[in-house]
**Q** 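Here's a structure for you.
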Amino acid sequence: MDLIQGFQEIVGPQNVLTDPNDQAGYLVDWTNRFHGRALAVVRPASTEEVSKIMALAHANDIPVVVQSGNTSLVGGGTPDDSGKALLLSLSRMNKIERVDPINDTMTVQAGVILEKAQEAAEASGRLFPLSFAAEGTACLGGCIATNAGGTAVLRYGNTRDLVLGLEVVLADGRVVNMLRGLRKDNTGYDLKHLFMASEGTLGVITRAVVKLFPLPKSTFTGLVGVESVQKACELLACVKSATGPAVTGFELMQAKCIERVGKEIPNMTLPCDVSVAPWWCLIELSYCDVLDESPLEALLETAFENELVIDAVLSNSVKECRHLWSIRESIPSADAHAGGNLHNDVSLEISEIPAFVEETLQALEDRFPWVDPSVFGHLGDGNLHFNVGSIPPAVAFENEEGIREVVYERVVAHNGSISAEHGIGQLKRAHFLELKNPIELEVMNALKLTLDPKGLLNPGKLLAD
Ligand SMILES: Cc1cc2nc3c(=O)[nH]c(=O)nc-3n(C[C@H](O)[C@H](O)[C@H](O)COP(=O)(O)OP(=O)(O)OC[C@H]3O[C@@H](n4cnc5c(N)ncnc54)[C@H](O)[C@@H]3O)c2cc1C
């Protein structure tokens, strides 16, 4: 039987796309940098269909690239240009199967869009705290496969910390059912963690049980100007000591990142003159009680007295709070509009960040005097998007290798990681293979060989082929 016909029999002819026009949107990544070709785009609607597709692909040595929301910034869900791979899109597996407010869990199919999961939780009076700028497109399967981070890691952890159970289809079509909502389960190795951050190289995540939390009733947000990254770190320490688990977000942004948002994003007004301070922190506190007075206001008054803070704008309504967050979340788009920006997504111990930022900015300027870095990120969990643009824009890309070397050299010197949350994909594979501890790589390769001996799952990503 013809292979395409075999896939059509599993999912129906309308869900096997072979026409290049129909496939087009699946074959380019969000950054428009990685382009590929596919034998077919196949869109299953159930675990059973995924299992049959994987078995058929495996029997015929067909590589499989899983794609969810296709918002990977590292070319993770884009096939290579051989045209041999099957692109498995989970967009039809978009059901929220169960919300359990007693167990505080939600069972979802992998193609559920993150924003829909947040809305379903909220409709049941619960919070699903994973949140980031691509939440209207990214899907739970993609979030789990990349162990996504986002804006609330400080309080709730990464995606890995939010997942209790998983269902995974292996390379040969066998289904591993670990779909349990247990908070304690010490029956041997916790295999679900193998598939989180595996970037589609070990199996296809089809369903998950995720944790829910009480919905905050009071949220206080402030945009706070500080003189240096060191002061921002000291402010973070003060906020954490004073408010404990109430601090849900602590973002850091260069003033020029905010100014660029004002310039590049239509209808975006800035809440104050951000040129009065070189760095700004977006701080969010949230409480399950109804509080009339903002604890942030009192806290910042003390910080002013201690000369930790230069200026601050506090939100007075949900609308203003959303506006402050939308400024932070528009930075990647504003950078993209401005043209040419090399993304870096690094993590360091928070205490190392001031020295890292100072040294890296200086080293970049010494070697590439035309650089225009855009430094922002989730300071509260030690994660910086240390992006590098240039004036004029395209020059950064022409010097990509040298720029990344400067940034990664400083990351390694400070014992950090070259990927905090976006993963490795195609973009960072060469550097990952060069910089990762060789014994860790050996163990990863052994696991890959066990679960995908034919090397069919997402070739060209993460590990060496
Ligand atoms: C504007 C913007 C802001 C972003 N901000 C953040 C942020 O703050 N934090 C963060 O962590 N990320 C961020 N990202 C990156 C991206 O959104 C995340 O990596 C997200 O988790 C990817 O989800 P997705 O559904 O789009 O996955 P895709 O891009 O479709 O896939 C990502 C990887 O996972 C694999 N995969 C997808 N689905 C499955 C599955 N069901 N089973 C197995 N493997 C699978 C793919 O093969 C690929 O390797 C941002 C992206 C954009 C565009």
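Below, each value reflects all heavy atoms present in this structure, side chains not excepted, and no hydrogens, waters or symmetry copies. Ligands are counted one by one from 1 in listed order, and the atoms in each one are counted from 1 as well. Keep in mind that this is a model prediction, so the values were computed, not measured.
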**Q** Whether Arg404 and Glu400 form a salt bridge (side-chain N of Lys/Arg under 4.0 Å from carboxylate O of Asp/Glu) is what I want to check.
**A** yes
**Q** Between Arg429 and Asp465, is there a side-chain N and carboxylate O pair less than 4.0 Å apart?
**A** yes
**Q** Using the ring centroid of each side chain, check whether Phe356 and Phe386 are separated by less than 6.0 Å.
**A** yes
**Q** Between the main-chain N or O of Gly181 and the side-chain N or O of Asn103, is there a donor-acceptor pair closer than 3.5 Å?
**A** yes
**Q** Side chains of Leu427 and Phe432: does their closest heavy-atom pair fall under 4.5 Å?
**A** no
**Q** Would you give me the side-chain donor-acceptor pairs under 3.5 Å for residues 132-141, sequence neighbours excluded?
**A**
from, atom 1, to, atom 2, distance (Å)
Glu135, OE1, Gln118, NE2, 3.1
Glu135, OE1, Ser131, OG, 2.8
Glu135, OE1, Phe132, N, 3.1

**Q** Residues around ligand 1, heavy atom under 4.0 Å from any ligand atom, sorted by chain and number. Can you pull those?
**A** Trp30, Val66, Gln67, Ser68, Gly69, Asn70, Thr71, Ser72, Leu73, Gly76, Gly77, Leu90, Ala110, Phe132, Ala133, Ala134, Ala138, Cys139, Gly141, Gly142, Cys143, Ala145, Thr146, Ala148, Gly149, Gly150, Glu199, Gly200, Gly203, Val204, Ile205, His378, Glu421, His422, Asn458
